[in-house]
Protein chains: 2
Amino acid sequence: MSSERLIYLALGGAGEIGMNAYVYGYGKPGKERLIVVDLGVAFPDMDSTPGVDLIIADIAWLEARRDRIDAIFITHAHEDHVGGVAHTYDRLRAPIYARKFTANIASRKMSEYNHPDDAVTVVQPWPQQITAGPFKVGFMPISHSIPEASAMIIDSPAGRVIHSGDFKVDLTPGVGEPFDAAAFEEVSKDGVKALVCDSTNVFSPHAGRSEATLSPAIEKLVSAAGGMVVATTFASNVARVKTLAVAGERAGRSIVLLGRAMKRMIEASLETGVLKDFPPTVSPEEARGIPRENLMLLVTGSQGERRAASGQLSRGKYQGIEMKEGDLFLFSSKTIPGNERGVISVINAFSEMGVDVVDDTEGKYHVSGHANRPDLETLHDIVKPQVLIPMHGEHRHLREHVKIADGKGIKGVLAVNGMMIDLSGNAPKVVEYIETGRTYLDGSVQVGALDGVVRDRIRMALNGHVTVTVIMDDEDEPLGDPWVDIMGLAETGSSGADLVDVIEADLGQWLGRAKPELLRDDKALNDGLRKIARQSAMNEIGKKPEVTVVVSRLS
Amino acid sequence: MSSERLIYLALGGAGEIGMNAYVYGYGKPGKERLIVVDLGVAFPDMDSTPGVDLIIADIAWLEARRDRIDAIFITHAHEDHVGGVAHTYDRLRAPIYARKFTANIASRKMSEYNHPDDAVTVVQPWPQQITAGPFKVGFMPISHSIPEASAMIIDSPAGRVIHSGDFKVDLTPGVGEPFDAAAFEEVSKDGVKALVCDSTNVFSPHAGRSEATLSPAIEKLVSAAGGMVVATTFASNVARVKTLAVAGERAGRSIVLLGRAMKRMIEASLETGVLKDFPPTVSPEEARGIPRENLMLLVTGSQGERRAASGQLSRGKYQGIEMKEGDLFLFSSKTIPGNERGVISVINAFSEMGVDVVDDTEGKYHVSGHANRPDLETLHDIVKPQVLIPMHGEHRHLREHVKIADGKGIKGVLAVNGMMIDLSGNAPKVVEYIETGRTYLDGSVQVGALDGVVRDRIRMALNGHVTVTVIMDDEDEPLGDPWVDIMGLAETGSSGADLVDVIEADLGQWLGRAKPELLRDDKALNDGLRKIARQSAMNEIGKKPEVTVVVSRLS
């Protein structure tokens with residue numbers, strides 16, 4: 001029926017890498033039944049989100065329509081795809097579907113927040129399909145850097161959409177299913193309305209390498225090592241963890257898993273059967289009785305996180321284990337942009353201990369989990385969609401991906417977060433702009449990115465803080481002198497006197513000259529005191545601090 | 001005489017990249033006459049130094065011995081070598097020597113701070129030597145990414161030391177002197193006690209490329225461009241700026257310089273004669289009358305700095321010029337680790353405008369200014385020093401460089417900031433550990449890194465801030481209820497009530513139960529209020545804020 005439509009809407013992940021949250025809808029405009037693909041998180045940083053614990057897509061739009069949501073599908077268990085399920089569950093309350101391994105990880109998150117066990121339903125891979133309102137949705141296995149990653153095959157009355165999820169073209173992924181071109185050909189043979197496609201590595205010009213290509217170099221490195229070997233990678237890259245462990249085992253080393261995520265991921269992999277033949281491991285306690293040249297540690301902290309196992313080892317003992325001169329530390333990972341400082345700091349700390357650090361500068365010990373440009377084109381060519389919508393990328397990635405599509409006769413659509421695309425007709429069109437944004441998990445509460453909470457913290461970090469206290473007597477005259485406290489500011493400035501004394505004197509003078517009307521007017525008094533305090537600090541130390549003014553009236 | 005010694009001491013730059021400050025001394029122990037090589041700055045970042053303007057080496061050790069300082073030599077005009085001269089001048093008051101271009105830049109800094117014009121003396125290159133106490137010091141031209149970079153030839157009664165400064169082996173540097181192997185052979189032929197050597201690129205395994213190799217690719221890119229071309233690089237890389245300008249000129253484009261540093265560097269280069277034949281430029285005002293396909297802008301901001309020209313262009317008009325769809329933006333630079341987020345944000349902003357951004361991913365448009373491993377070995381092999389002391393590197397770089405030296409029979413010494421090395425005898429030895437550190441230029445004042453000022457700002461950024469105000473009457477009883485203000489914290493938490501109300505209630509209850517002795521004890525009262533406020537916030541929002549407590553006693 002021409003009055004019904006198929007819509008695509010990214011609430012997160014399109015125009016950024018992280019915080020994936022995509023919505024598909026089918027029905028009459030404004031009455032579409034909805035499904036959600038992925039509910040991920042992004043990670044905070046000191047520059048823009050100091051003190052924040054996690055970043056989640058703003059789901060206000062979805063929440064307002066939650067009676068229309070038929071299902072939430074999670075493509076795979078990376079945090080930027082599954083990390084938001086527990087934090088949004090109360091507000092959405094829709095059934096969650098995932099394959100076994102992903103569901104295992106999702107359920108662990110749900111139970112941490114005391115959500116019901118049965119909120120996550122385990123789904124078999126394609127050809128099983130879940131009926132969700134007008135949609136039928138199947139999980140098509142696709143290779144990535146985590147077990148059981150899946151593309152979504154989304155059927156609607158307006159046609160089939162393939163949502164790639166994160167993927168690479170890997171015929172020998174080690175753990176998990178190889179890329180199956182024939183299967184994608186089969187599901188594409190009757191025509192695909194749209195391919196919504198990972199764009200992460202669109203700027204990488206050469207075909208990607210298989211996970212399996214790493215084993216020889218890793219085994220060579222480990223077998224040549226003299227002291228203890230410690231390797232880190234993304235814990236969720238179970239294939240890599242296995243490759244590392246097997247290299248250790250072959251070199252006659254006992255394997256120790258260190259770090260919460262590392263243990264959790266291996267546990268989930270074994271529980272769900274995606275991982276088999278993992279070498280036996282020993283506990284950190286047992287490891288202490290084994291000569292270091294017979295040990296290999298697999299640890300968390302590939303991004304130089306201070307609290308992860310690698311960070312702790314770089315500063316001293318962790319679980320009774322300590323690194324020493326002659327040991328080897330391997331980063332079997334790449335540094336995500338923005339994490340360089342942390343990684344470099346860990347490397348230098350190891351250098352000071354005399355530990356040799358091998359990183360991935362030469363690409364021998366790590367391969368990406370995302371499709372490079374030629375691999376993206378492989379998928380385009382198999383699926384032959386009418387429309388290509390790039391996702392999972394910053395604006396520059398999406399734009400480049402659109403260019404590639406357009407270059408090969410596929411209609412590319414650059415749709416960033418909030419652009420609702422109608423896919424029903426012959427040409428996709430933008431039908432609405434939805435307000436999207438970010439929600440911060442901050443301690444135990446969620447705050448909006450625009451609430452000003454984090455903005456104020458950034459300002460205090462840049463400018464320092466001054467507290468001004470004034471007591472007004474029952475005749476609205478200052479009782480005694482104003483009182484100043486500083487935090488994060490130099491104690492003395494250009495005059496050589498204490499900064500607090502200088503500000504107090506300037507405030508006192510101003511109060512002494514202030515007219516009675518002003519002294520009675522709370523807002524004018526506050527604004528005046530704030531302005532004088534800032535100006536005074538500026539004169540004295542060259543900084544304009546944030547100011548809290550407290551006027552107490554005894555009247 | 002055996003009782004005199006030659007010492008080397010890094011106060012900055014050894015164990016980090018940036019903030020270079022090296023000291024050499026000769027004389028009886030504790031009475032050495034001293035010279036300083038370089039007084040640079042490091043740049044702050046939000047993670048560790050929010051709000052800080054510049055980072056300078058702590059020169060307390062030097063200041064306490066300033067009557068023994070005979071001279072300060074500046075190897076070249078990069079900020080990490082010259083940036084600290086004006087900020088330390090009052091405390092050291094030693095004569096500063098530099099070659100013409102470096103002196104021009106140094107003098108501009110001095111006059112900004114109203115220091116005397118004649119504090120910087122212009123020196124001719126080797127074979128001129130400056131006598132500074134027991135030392136004779138010459139400036140040997142060496143190729144780098146800035147004009148007139150020099151190695152220091154430091155002669156003392158205990159022998160010759162060559163301090164490489166920053167360098168690369170470039171036979172065709174475009175602007176400035178080519179690397180002159182014969183000259184280094186000549187100064188090394190009678191034996192060199194120690195080579196103190198740049199280590200920045202020790203992990204780059206292949207020989208470095210010459211500045212001249214870039215012209216063809218840059219000219220090809222610029223001549224093929226359709227719209228306006230905008231290119232950024234480090235302004236001090238005058239050779240690169242010229243290469244870019246010449247490429248623009250050959251493509252029939254008028255050249256515009258945008259950004260303060262860009263104009264200052266070109267001005268200094270022309271004034272001192274190091275730059276000749278620079279294409280004519282037009283002003284931004286004139287540029288507005290020229291078709292965009294005939295314009296090429298050379299702009300500051302290669303590191304994505306918000307306030308630089310590139311950052312401003314990415315957000316809108318700058319000096320009346322605006323970028324548009326079809327324009328080209330070239331990063332003829334590499335991103336210094338830690339600056340990735342800023343650069344990526346500029347790239348995405350341009351992507352949203354439809355501007356094509358070309359960066360240095362493939363290495364076609366930028367070469368490093370530092371010697372790669374084979375080039376370092378070239379210098380080792382020419383100089384053949386008894387001892388190699390790596391500098392200008394993080395610990396990992398110094399350690400690797402020592403390994404290379406040791407591997408070829410040169411005694412490598414891993415000396416980080418603060419390790420005083422005695423070079424007099426046959427074997428170098430550590431004779432003392434000096435306390436070193438960082439000084440922050442923060443607004444208009446200098447604060448010590450350990451003063452806690454920046455630590456408090458970081459804490460406020462991570463945890464937010466609470467102000468607690470209590471008035472005690474003349475009988476040491478609370479007058480009314482405690483008053484709470486918050487900054488950088490969520491307004492409501494788990495209870496749904498206002499956070500300030502919750503904390504005020506908790507504080508009020510605690511005060512109501514407090515014993516009279518406690519209420520009379522300022523410290524106990526402060527500590528108690530702080531603790532309750534933190535605990536209350538923790539319960540309500542899961543964060544423990546920084547707290548300023550103000551107790552006003554009317555008695």
Side-chain angles (χ1 to χ4, degrees), chain A residues 15 45-48 50-51 203 337-338 340-341 344 347-352 354 357 361-362 394-396 398-399 442-445 447 451 453-454 456-465 467 469 471 479-480 483 485 487-494 538 541-543 546 548 550 552 554, chain B residues 15 45-48 50-51 203 205 337-338 340-341 344 347-352 354 357 361 394-396 398-399 442-445 447 451 453-454 456-465 467 469 471 479-480 483 485 487-494 538 541-543 546 548 550 552 554:
Chain A
D45 60 68
M46 189 70 186
D47 292 76
S48 62
F203 288 109
E340 289 77 7
R341 282 181 212 275
I344 287 173
I347 294 178
N348 281 313
F350 283 138
S351 177
E352 290 180 30
V357 178
T361 315
E362 293 171 78
E394 298 162 6
H395 195 282
R396 61 190 174 124
L398 307 186
R399 181 163 178 265
D442 191 45
S444 54
V445 300
V447 300
D451 291 0
V453 168
V454 169
D456 284 352
R457 292 213 290 259
I458 292 174
R459 287 184 180 165
M460 287 191 287
L462 296 174
N463 308 324
H465 182 265
T467 303
T469 317
I471 302 177
L479 184 66
W483 181 265
D485 285 273
M487 194 174 274
L489 292 168
E491 289 187 1
T492 55
S494 53
M538 187 68 200
I541 59 165
K543 288 185 90 84
E546 303 308 301
T548 297
V550 184
S552 307
L554 299 183
Chain B
D45 59 67
M46 189 71 186
D47 292 76
S48 62
F203 288 109
E340 289 77 6
R341 282 181 211 275
I344 287 174
I347 294 178
N348 281 314
F350 284 137
S351 178
E352 289 180 30
V357 177
T361 316
E394 298 162 7
H395 195 282
R396 61 190 174 123
L398 307 186
R399 182 164 178 265
D442 191 45
S444 55
V445 299
V447 300
D451 291 0
V453 168
V454 170
D456 284 353
R457 292 212 290 258
I458 292 174
R459 287 184 181 165
M460 287 191 287
L462 296 175
N463 308 324
H465 182 265
T467 303
T469 316
I471 302 177
L479 184 67
W483 183 266
D485 284 273
M487 195 174 273
L489 291 169
E491 289 186 3
T492 55
S494 53
M538 186 69 199
I541 60 166
K543 289 185 90 82
E546 304 307 300
T548 297
V550 184
S552 307
L554 299 183

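Letters A, B, ... mirror the listed sequences (proteins, then strands); counts begin at 1.
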Undergrad: Any donor and acceptor pair, going by atom type alone, linking the side chain of A:Arg399 with main-chain N or O of B:Glu352 inside 3.5 Å?
TA: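 Side chain of A:Arg399 to backbone of B:Glu352, a donor-acceptor pair under 3.5 Å: no, none is there.
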Undergrad: With rounding to the nearest 0.5 angstrom, report the NZ to CZ distance, A:Lys543 to B:Arg457.
TA: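 Output value for this atom pair is 4.0 Å.
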Undergrad: Of the backbone (N, CA, C, O) and the side chain (C-beta and beyond), which part of A:Thr492 lies under 4.5 Å from a heavy atom of chain B, both, or neither?
TA: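 For A:Thr492, the backbone is the part near chain B, not the side chain.
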Undergrad: From A:Asn348 CG over to B:Glu394 CD, what is the distance, rounded to the nearest 0.5 angstrom?
TA: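 It is 4.5 Å, given to the nearest 0.5 Å.
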Undergrad: Distance check, rounded to the nearest 0.5 Å: B:Met487 atom CE versus A:Thr548 atom OG1?
TA: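 That separation rounds to 3.5 Å.
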Undergrad: On a heavy-atom basis, which atom in B:Pro337 and which in A:Ile344 lie closest, and how many Å separate them?
TA: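 Heavy atoms only, the tightest pair is CB-CD1, 3.9 Å.
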Undergrad: Do A:Ile471 and B:Ile471 come within less than 4.5 Å of each other through their side chains, counting heavy atoms only?
TA: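 Of all side-chain heavy-atom pairs linking B:Ile471 with A:Ile471, at least one is under 4.5 Å.
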Undergrad: Looking at A:Glu491, A:Met538, A:Glu340, which makes the most heavy-atom pairs under 4.5 Å with chain B?
TA: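 The candidate making the most pairs under 4.5 Å is A:Glu340.
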Undergrad: To the nearest 0.5 Å, how far apart are CG in B:Leu489 and CG in A:Asp456?
TA: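 Answer for the CG-CG pair, B:Leu489 versus A:Asp456, is 9.5 Å.
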Undergrad: Once rounded to the nearest 0.5 Å, what's the spacing between atom CZ of A:Arg341 and atom CG of B:Asp45?
TA: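 Between atom CZ of A:Arg341 and atom CG of B:Asp45 there are 3.5 Å.
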Undergrad: Can you tell me which of A:Asp485, A:Thr361, A:Asp442, A:Thr469 forms the most heavy-atom pairs within a distance under 4.5 Å of chain B?
TA: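 Sorted descending by pairs with chain B, the first entry is A:Asp442.
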Undergrad: Of the listed residues (A:Gly488, A:Gly443, A:Gly542, A:Ser48), which shares the most heavy-atom pairs with chain B below a 4.5 Å separation?
TA: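 Top count of heavy-atom pairs under 4.5 Å with chain B: A:Gly488.
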Undergrad: Could you look at A:Ile541 and say if it's the side chain, the backbone, both or neither that has a heavy atom under 4.5 Å from chain B?
TA: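 Its backbone and side chain both get close to chain B.
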Undergrad: What part of A:Val447 lies closer than 4.5 angstrom to a heavy atom of chain B: side chain, backbone, both or neither?
TA: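 Side chain only.
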Undergrad: Looking at every non-hydrogen atom in both residues, tell me the closest pair between A:His395 and B:Ser351 and how far apart they are.
TA: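 Heavy atoms only, the tightest pair is ND1-OG, 2.6 Å.
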Undergrad: Checking heavy atoms, do the side chain of A:Asp451, its backbone, both or neither come under 4.5 Å from chain B?
TA: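 For A:Asp451, neither part sits under 4.5 Å from chain B.
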Undergrad: Which atom pair, heavy atoms only, marks the closest approach of B:Gly493 to A:Val445?
TA: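 Answer, listing the atom of B:Gly493 first, then A:Val445: CA-CG1, 3.7 Å.
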Undergrad: So which part of B:Leu554 gets closer than 4.5 Å to some heavy atom of chain A, the side chain, the backbone, both or neither?
TA: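 Interface part for B:Leu554: side chain.
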Undergrad: Just how far is it from atom NE2 of A:His465 to atom CD of B:Glu546, taken to the nearest 0.5 Å?
TA: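 One finds 11.5 Å between NE2 of A:His465 and CD of B:Glu546.
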Undergrad: So which of A:Ala461, A:Ala490, A:Gly338 has the biggest tally of heavy-atom pairs under 4.5 Å with chain B?
TA: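 Greatest number of close heavy-atom pairs with chain B: A:Ala461.
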Undergrad: May I ask you to name which of A:Ala349, A:Gly354, A:Ser552, A:Gly15 has the most heavy-atom pairs under 4.5 Å with chain B?
TA: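 Going by pairs under 4.5 Å, I would pick A:Gly354.
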Undergrad: Looking at chain B, which one of A:Arg396, A:Glu362, A:Arg459 has the largest number of heavy-atom pairs inside 4.5 Å, strictly under?
TA: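 Winner by heavy-atom pair count: A:Arg396.
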